[in-house]
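The block underneath contains the structure these notes are about, expressed in structure tokens.
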2 protein chains.
Amino acid sequence: MSAKPSGARKNRSPRTSAQPQPAQEPRGEPSLSRERIVATAVELLDAAGVDGLTMRGLADRLGSGVMSLYWHVDNKEDVFDLALDAVLDYGGPPEIVESRDWRAEVAHMLEDWRANMLRHPWSASLLPRRALGPNILGRLELLSRTLSKAGVTDADLNAAIWSLWNYVMGATITRASFGPSDDDRAAAQQRLTRLGERYPTIERSRLLLDDDWDGTFRKGLDFLLDGLAPQRS
Amino acid sequence: MSAKPSGARKNRSPRTSAQPQPAQEPRGEPSLSRERIVATAVELLDAAGVDGLTMRGLADRLGSGVMSLYWHVDNKEDVFDLALDAVLDYGGPPEIVESRDWRAEVAHMLEDWRANMLRHPWSASLLPRRALGPNILGRLELLSRTLSKAGVTDADLNAAIWSLWNYVMGATITRASFGPSDDDRAAAQQRLTRLGERYPTIERSRLLLDDDWDGTFRKGLDFLLDGLAPQRS
DNA sequence: ACCTGAACACCGTTCAAGT
DNA sequence: ACCTGAACACCGTTCAAGT
């Protein structure tokens, strides 16, 4: 809790507010900044995963000393938080289209959310630990509003949202963790076959070989939405 | 890939097979063993979380040198795998009760699974990364069998299982991550109120204050099972 | 067969300075 | 206001020995 800017909230609209001393940088590197640190952290995370992010490595990539980072950032945890929020940015509520098809709307929102996280595979497993950034709240608000307008009762609303949240998080984390290496799963499935008697059902259905991630996600989401759908008795 | 026992499969039934040299330990500490290491690792993880597990700390707790662990265990990853599998043990398929209520059966299985993971809060977020232990496979097999017997078509079976998996994982990881600190969530909810206009719907529904985890889990599971239920046209 | 200490190549972060 | 190097208290793991 010093005079460092780390804890301070950023400008509301950093893009439009003019810089106080605009003609300040004489030459060379634009020097360190919070934005640059976060952007580079995302790059590094994308390239090397959660374990690959290192304050030292981050500083190297920025061409600065390690300790210089700590002027702009509280600590490593802070870097994670900022990187996560940066990645979950979203365009805000889209045009207020009064679609009648709430199911398509919800499915689209959640597929977009998932796609965003899969573009940065480290983000999904990080998210539940720090769920409260403004971007996530915005997404939850939009989801909530859509469901409410669709006729989900107030009594069911929170359960509905958390159900969708749970489903999306579980699906995305699993997909990102099982990762691109199909070999592992093929090997696992073969192990099933070798074990023969013990797992006949999942062996027969080839559960571990299912690689239509997008289709499976959508199918399960449909199951859930079926159950969620407000009964029009 | 040396002569170390690390990679070797354990005895099929370690509890019933007699020890080769039963009267071998002359006195004192039972010395190191794979079982003791894993059990202590689980203790340490329960007490200190994922970041709290340290090879050095583990050795300390076992009263041995750090490097002694490496005789019984490949590396730290291995310790995680073993600890996770140890925690997900389950009693195998229960008595073959031919219950007609497949929904209650499935719900019970998944609630048990979730409860098991919540008893060791570090386990849930670890599981998707290493999903293939025999105990997990056993649970998936049982789930698969139950759904199949209930009338879920082969075409829907994998999607159904992955949906339930995703939901349970997401719910458990979220619950374990948000953790016992209600204060955080209360603070977050208050922040919502302060922000006022931006998140009216989730503020009104008090989404972030919902702390009936078990009830919400069950409710969402019911939504999903509603959608999953085989249509009897 | 089982255990050990020293050493290596790393970490995140504190602190006291520099400009 | 912003950046820095040295230092501290840690990590996981290799290696060459010990018994």
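Only this structure's heavy atoms are used, side chains among them; waters, hydrogens and symmetry mates stay out. The sequence lines fix the lettering, A, B, ..., with proteins before strands; numbering per chain opens at 1.
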Under 4.0 Å between a side-chain N/O of A:Tyr70 and OP1 or OP2 of C:dT14, yes or no? no
Could you tell me how far apart B:Asp78 (CG) and D:dT13 (P) are, to the nearest whole angstrom? 10 Å
Among C:dT13, D:dT4, C:dC3, which is the nearest nucleotide to the side chain of A:Ser68? D:dT4
Is B:Trp71 close enough to C:dC3 that one of its side-chain N or O atoms is under 4.0 Å from OP1 or OP2 there? no
Value in whole Å for how far the C1' atom of D:dC11 lies from CG of A:Asp51: 13 Å
If you measure from CG on A:Leu53 to CZ on A:Arg61, what distance do you get to the nearest 0.5 Å? 10.0 Å
Are the charged groups of B:Arg218 and B:Glu111 less than 4.0 angstrom apart, N to O? yes
Work out how far the P atom of C:dC2 is from that of D:dA17, and round it to whole angstrom. 22 Å
Check every atom of C:dC11, C:dC3, D:dT13 against the side chain of B:Asn75 and return the nucleotide holding the closest atom. D:dT13
Note: A:Asp85-A:Arg130 ion pair, threshold 4.0 Å (strictly below): no
Between P on D:dC3 and CG on A:Asp60, what's the gap in Å once rounded to a whole number? 16 Å
Residue-phosphate contact under 4.0 Å: A:Ser64 side-chain N/O, D:dC3 OP1/OP2: no
Between P of C:dC10 and CE of A:Met55, the distance in whole Å: 18 Å
Test salt bridge (charged side-chain N to carboxylate O under 4.0 Å, His left out) on A:Arg114 and A:Asp214; report intermediate values, then the result. CA-CA 10 Å; A:Arg114 169 172 176 271; A:Asp214 295 352; 3.2 Å; yes
Within this structure, what is the CG-to-P distance between B:Leu58 and D:dC10, rounded to whole angstrom? 17 Å
When the distance from CG of B:Leu53 to P of D:dG12 is rounded to whole Å, what number comes out? 8 Å
Please report, rounded to the nearest Å, how far the P atom of C:dC11 is from the CD atom of A:Glu77. 18 Å
Carefully, step by step, assess A:Leu58 and A:Thr40 under the rule side chain to side chain contact (heavy atoms under 4.5 Å, CB included). CA-CA 7 Å; A:Leu58 187 53; A:Thr40 309; 3.8 Å; yes
If pairing means Watson-Crick or G-U wobble with both distances under 3.5 Å, then the partner of C:dT14 is D:dA6
OP1, OP2 of D:dC2 versus side-chain N and O of A:Ser31: anything below 4.0 Å? no
Without decimals, in angstroms, what is the distance between B:Arg56 CZ and C:dT4 P? 14 Å
Report yes if at least one side-chain N or O of A:His72 is closer than 4.0 Å to OP1 or OP2 of D:dC3; otherwise report no. yes
When you measure from the side chain of A:Met67, which nucleotide among C:dT14, C:dC11, D:dG12 comes out closest? C:dT14
